[in-house]
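Only a predicted model underlies this, so the values are computations on that prediction, with no experimental measurement involved. Computation of the quantities below employed the complete heavy-atom set of this structure, encompassing side-chain atoms and omitting hydrogens, waters and symmetry-equivalent molecules.
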Amino acid sequence: MFCLAKLVALSSIISISSQALSPDIGDLAGAVSIPPSSFAVLGQNATFRQNGLIQQFNPTNTTPPFFQIFHPDFLTVLGPNAFVRSIAKNATFASGFAFEAPIFNPPTNEIFFASSVFPPESSFTHSNQISKINMTLVENALAQKVADINVPFETLSLPETVQITNGGTGPFKGSLLLTTRGRGNLPSALVLVNPKTPNNATVLLDNFFARQFNSMNDLKIHPSGKIFFTDDNLGFTDDQKPPPSLPSQVYMFDPETGLVRMVADNFVTPNGIAINPTGKIAYVGDSAGITNSTLPSTVYAFDIDPETFFFSNRRVFAYIDSGGPDGIQVDTKGNLYVASGDGVQTDGVLLGKVFIGSDVANMAFAGDGNLIVLANTSIFLARIVAKSAVVSI
């Protein structure tokens, strides 16, 4: 699910502005204007949502995928020629073939992604799989006006050091940078994977002073080259790992020195993480509300100390209305994109949503203007004008 000035959610985008204006979407296809004033009062006899995870907010009953526009500023994110459509699909994986760890590799124009981290796709005894699609095939299909695009995907054969991939970013020095949950007694780890065959792997970190991490979730590279990652207890709750031995926290790892330190705590289930374009602000989503709607489904913002890299000045950035905040991305203008229970959302005040109509765990830009959305059995392309601010080294 999705500060500087704005928040975008895979299903929604949020802006700091509090104006309740009716967006003029003009000739933009696949978009619906939903000004906040249109649903501020539903009436005593209205049917209210009882569950933010399984009941989505689609007051116009529009068939997904489409853009929900809550504020005119969303139009500057979308541009005049925006569209969203499926580009790949597969229903043969146990619980989703496209779920987590999206990484765009510019040299090969490919986007890599992991299948579901949930049982039965991932378990105490076996790991999920990493696959890839070629964006050149997608562009060719769009140019040829193919009505139903379904580009092929290729599944990688990875070494046993890659155990249940949950997060991904980069490239980092030419490699895919992954967080793995581990499984059974095998440790959670930061791992580098060669995007080219034979896809050999190198473990960068697998312990905190000889204590296992619980189950690393997501990560981002800071402009300094430091790596920030979240660690939660989901591996245990999903019966893939032993009971946690550490609190659920956020860590910083320095790949040059091997130093690892905790930089932020007091989370229930820290999940997605992002760094703003200046490297001065971090965003962390707490997705505990997925299992209990009274727990946080909140994205928090922090200041990053330029010398120690500790997080400070914790404040609420956005509360996610559907599901909980999962993967988080930032564009070059500081807009925040958050994967959520119905699509992708954007900063503080909701600007709009890329409404997929199903749970979205993660997304990533695959080149300027190409937002790739992972939705379990389908992969979507949202063609917008925004550009990624993700750091690769």
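- Residue N217 is tested with N233, T179, D232 for a side chain to side chain donor-acceptor pair (under 3.5 Å); the sole match is D232.
- For residues 176-193, the set of pairs meeting the salt bridge (charged side-chain N to carboxylate O under 4.0 Å, His left out) definition, not counting sequence neighbours, comprises E160-R183, R181-D238.
- Among residues two or more places apart in sequence or in another chain, the side-chain contact (heavy atoms from CB on, under 4.5 Å) test is passed with N376 by F99, D359.
- Residues forming a ring-ring contact (aromatic ring centres under 6.0 Å, His included) with F66 (at least two apart in sequence, or on another chain): F355.
- E110 is linked by a salt bridge (Lys or Arg N to Asp or Glu O under 4.0 Å) to K132, counting only residues two or more places apart in sequence or in another chain.
- Among pairs with a residue in residues 358-392, those fulfilling ring pair (Phe, Tyr, Trp, His ring centres under 6.0 Å) read Y337-F365, at least two apart in sequence or across chains.
- Within the structure, the salt bridge (charged side-chain N to carboxylate O under 4.0 Å, His left out) test picks out no pair touching residues 287-296 (sequence neighbours left out).
- Taking hydrophobic clusters as Ile, Leu, Val, Met, Phe, Trp and Tyr residues chained together by side-chain heavy-atom distances below 4.5 Å, I320 shares a cluster with I328.
- The nearest pair of heavy atoms linking F74 to Q68 is CE2-O, 3.4 Å.
- Counting only residues at least two apart or on different chains, the side chain to side chain donor-acceptor pair (under 3.5 Å) pairs with a member in residues 383-393 are E139-R383, N370-R383.
- Residues V77 and I356 share a single hydrophobic cluster, defined by chaining ILVMFWY side chains whose heavy atoms lie under 4.5 Å apart.
- Side-chain atoms of N207 do not come within 3.5 Å of backbone N or O of Q212 as any donor-acceptor pair.
- Taking A46 as the reference, L42, F48 meet the side-chain contact (heavy atoms from CB on, under 4.5 Å) condition, with sequence neighbours excluded.
- The two residues P325 and S287 have their closest heavy-atom pair at O-CB, 3.4 Å.
- Minimum interatomic distance between A189 and V203 (heavy atoms only, all atoms of both residues): CB-CG1, 4.1 Å.
- In this structure a side-chain-to-backbone donor-acceptor pair under 3.5 Å is present from N58 to T62.
- Closest of all the heavy-atom pairs between S157 and N199 is O-CB, 4.2 Å.
- Within the structure, the salt bridge (charged side-chain N to carboxylate O under 4.0 Å, His left out) test picks out the following pairs touching residues 297-318 (sequence neighbours left out): D303-R315.
- One N or O on the side chain of S122 and one on the backbone of S116 form a donor-acceptor pair closer than 3.5 Å.
- Other members of the cluster containing L219 are F172, L177, L190, L192, L204, L205, F208, F209, F213, M216, I221, I227, F229, L246, Y251, F253, V260, M262, V391, I393, with ILVMFWY side chains joined at under 4.5 Å, either directly or via other members.
- Nearest heavy-atom pair across A98 and S378 is CB-O, 4.3 Å.
- Q44 pairs by the side-chain contact (heavy atoms from CB on, under 4.5 Å) definition with nothing, not counting sequence neighbours.
- Among residues two or more places apart in sequence or in another chain, the side-chain contact (heavy atoms from CB on, under 4.5 Å) test is passed with S38 by I34, P35.
- A donor-acceptor distance shorter than 3.5 angstrom exists from the side chain of Q55 to the backbone of Q50, with no hydrogens or angles considered.
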